[in-house]
Amino acid sequence: MKKVFLGFAFLAILSLASCKEETKDKVEEATEAVGDDIKASTEEAVEKIDSTATEVKEEVKKEIEHMDERVD
């Protein structure tokens, strides 16, 4: 009887331990997913900033050329 009870106790402990391991794996996967989302969002923001900076640079260049023409 003791062996059966100890066997069930051992199985219960193993199942709890395995659940904890699954939980750890899920948390790790979720953390990686969040990290990937942050990385993608950051890259997208950098691209938008770069393209906007390029557009502003071109507009400023055009305005300077236009002002030079008016001054002459």
Side-chain angles (χ1 to χ4, degrees):
M1 186 74 164
K2 282 184 180 180
K3 289 182 181 180
V4 172
F5 180 72
L6 289 174
F8 282 128
F10 182 72
L11 289 175
I13 291 171
L14 279 178
S15 67
L16 289 175
S18 66
C19 288
K20 289 182 182 178
E21 196 63 39
E22 287 178 21
T23 303
K24 287 179 186 178
D25 291 342
K26 287 181 182 179
V27 168
E28 185 177 328
E29 290 173 9
T31 303
E32 289 175 6
V34 168
D36 291 344
D37 287 346
I38 290 171
K39 184 178 177 182
S41 296
T42 303
E43 289 174 356
E44 184 179 323
V46 167
E47 289 174 7
K48 286 182 180 180
I49 290 169
D50 284 346
S51 67
T52 302
T54 302
E55 289 175 12
V56 169
K57 179 181 167 184
E58 293 299 319
E59 288 295 320
V60 168
K61 189 186 280 187
K62 286 180 186 177
E63 287 299 318
I64 290 173
E65 290 173 359
H66 183 67
M67 294 299 265
D68 280 346
E69 290 173 2
R70 294 176 91 190
V71 169
D72 289 339

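Quantities reported herein were computed from a predicted structural model and do not represent experimental measurements.
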List, one per line, each side-chain donor-acceptor pair under 3.5 Å for residues 45-61, sequence neighbours excluded.
unit_1 : atom_1 : unit_2 : atom_2 : d
Lys48  : NZ     : Glu44  : OE2    : 3.4
Ser51  : OG     : Glu47  : O      : 3.4
Ser51  : OG     : Lys48  : O      : 3.0
Thr52  : OG1    : Lys48  : O      : 2.8
Thr54  : OG1    : Asp50  : O      : 2.9

Please list every donor-acceptor pair under 3.5 Å in which a side-chain atom of residues 28-43 meets a protein atom from a residue at least two apart or in another chain.
unit_1 : atom_1 : unit_2 : atom_2 : d
Thr31  : OG1    : Val27  : O      : 2.7
Ser41  : OG     : Asp37  : O      : 3.0
Thr42  : OG1    : Ile38  : O      : 2.7

Test log, rule side-chain contact (heavy atoms from CB on, under 4.5 Å), inputs His66 and Arg70: CA-CA 6 Å; His66 183 67; Arg70 294 176 91 190; 3.5 Å; yes
